[in-house]
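Report on the structure given below.
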Amino acid sequence: MKHGFWTLTVSAMVMLSLLLSCEKMVVDEEEQNQQPSIEIDANLILKVVASGTRADSAPWTTLNFVVYQGGSKVKGITQKEGDEDFGEVGMKLTPGTYQVMVLAHSSSSNPTLSDPSNIKFSNSDGFSDTFIAYQDVTVEAMAKTYEVNVLRASAMVRFTTKDAKPAEAKRVRFWYEGGSGAINVLTGYGVDKSKQSVFVDIPDSLTGKPLQFDLYTFPRDDESTLKLLVSMFDENEDLISYPGTDEGVRTFTNIPIKKNQITECSGYFFTDGSGDDTGGDDPGNDENTAQFMIVVNPEWGNVVHYDY
C-alpha cells in the first residue's frame, strides 16, 4: 500500500528551523514599543514586493523596517501579518541620505536590529524562511515612495523519511553545524559558523506515515555544507537505535546548502529499505547512496536531491 508524504507541522515561530545557537538575543526597546505604520506627515514611504508579489500574500508573518544613518539605527517599525497596511510604512525623517533595511520572516520575536551587519535571531523562537533588502534612500521634504524588493537569504534542508514512522518514535532531535543563526544584510550571507540543536515532538497521528521536516539556515558562502545528526527518542526520552545509527545517532556530512536553494535529504531512516511499500515519488532512485539531481522549483531557485 502506498502512503502519501506527511509534513510534520509545528508553529510558525519555530518552523523546524534549527538555528538555535548559544547566543542570547538583545531585544530592541524601540521594536517592543510598536509605532504606527504610517506616521503623520511621512516623507519616506516604503512598499515591500517579492518577485512581483505583494507583502500580504508572501511567505512571511513579520516585517521589520529599519532606517540607519552613519552606521547607527535611526528608526524602526515592525508589522505583523493582519496589521493594517501590512507591507507598507511611512516615516517622517529629516531630509538626507539614509540606509533602509527590510527583513521579512516568520519568527515570533524580532531579531537584534541595531547592527545591519549582524542581525541575530532569538534561540528560543527558532528560525524561518527569511527575505532581506538593504539600500540607500534619499529623503526630501516632499514625500517619496520606494518599492523595496526583498530577496530570499535562507537555504532549506528538507529532511524526508521514505519509510513510515513506527509507534515508538515520539521525538526527534536535529543537531547540525555549518550554517549561521545571524545574517549580514550588507552581504546577504551568514555571519558565523553556528552549532544548532532542537527537539521536535512527533504526533501519534503520524504513525505509519513518512515524515518531512523543512529546516532553514543562513549559508556563510556559496560553498557551505552542513554536518547533520538525527536521533529518535521514545516516550521515556531514551534513544532508539535504527539501521545506520551509531548508538541511536544517524550522521550525515557534507550536505550542500546555498541561498534560495532546497537540498532534499531523503532515504530510509527507520528501516534498511527492504520490503518497503511506501512507493515514494521516485521509485527508480531508492538506493541508499548519495545522489544529486537539480529540478525546477517555482518558489525556490534550485532543488538538490540528496539520498541517504
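Identified under the salt bridge (Lys or Arg N to Asp or Glu O under 4.0 Å) test for residues 220-230, with sequence neighbours left out: none.
Under the salt bridge (Lys or Arg N to Asp or Glu O under 4.0 Å) criterion, Lys259 pairs with no residue at all, not counting sequence neighbours.
Annotation: side chain of Val49 is not in contact with side chain of Lys47 (no heavy-atom distance under 4.5 Å). Looking at heavy atoms from C-beta onward, Leu151 lies in side-chain contact with Asn149 at the 4.5 angstrom threshold.
When all heavy atoms of Tyr216 and Tyr176 are compared, the closest pair comes out as O-OH, 3.2 Å. Between Pro219 and Ala153, the shortest heavy-atom contact is CD-O, 3.8 Å. Residues Phe218 and Gly190 share a closest heavy-atom pair of CB-CA, 3.9 Å. Residues Lys92 and Lys75 approach most closely at O-NZ, 3.1 Å, considering heavy atoms. Taking every heavy atom of both residues into account, Pro210 and Thr161 meet most closely at CB-O, 3.1 Å. Ala169 and Tyr242 make their closest contact through CB-OH, 3.9 Å (heavy atoms, listed as atom of the first residue, atom of the second, distance).
Salt bridge Asp204/Lys170: present, at least one basic N to carboxylate O contact under 4.0 Å.
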Next item on the list: Go through His105 and Trp60 one step at a time and tell me if the side-chain contact (heavy atoms from CB on, under 4.5 Å) criterion holds.
Entry: CA-CA 5 Å; His105 60 93; Trp60 52 68; 5.6 Å; no

Next item on the list: With side-chain contact (heavy atoms from CB on, under 4.5 Å) as the test, would you mind laying out the steps for Ile255 and Thr225 before giving the verdict?
Entry: CA-CA 5 Å; Ile255 299 175; Thr225 61; 5.8 Å; no

Checklist line | Full working for side-chain contact (heavy atoms from CB on, under 4.5 Å) between Val100 and Tyr146 | finding: CA-CA 10 Å; Val100 169; Tyr146 288 87; over 6 Å; no

Next item on the list: Could you walk me through whether Val74 and Met91 pass the side-chain contact (heavy atoms from CB on, under 4.5 Å) test, one step at a time?
Entry: CA-CA 11 Å; Val74 175; Met91 303 181 186; over 6 Å; no

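For Glu237, the CD atom counts as densely surrounded, since its 6.0 Å shell holds more than 12 non-hydrogen atoms of other residues, nucleotides or ligands.
The aromatic rings of Phe213 and Phe159 sit tilted, their planes meeting at an angle between 30° and 60°. Note on ring orientation: taking the six-membered ring where Trp is involved, the planes of Tyr134 and Tyr68 are tilted (angle from 30° to 60°).
Side-chain contact of Ser37 with Gln79: a donor-acceptor pair under 3.5 Å is present, judged by distance alone. Judged purely by distance below 3.5 Å, without hydrogens or angles, the side chains of Asn184 and Ser117 never pair a donor atom with an acceptor atom.
At a threshold of 4.5 Å between side-chain heavy atoms, the hydrophobic network of Ile, Leu, Val, Met, Phe, Trp and Tyr places Leu228 and Ile202 in one connected group.
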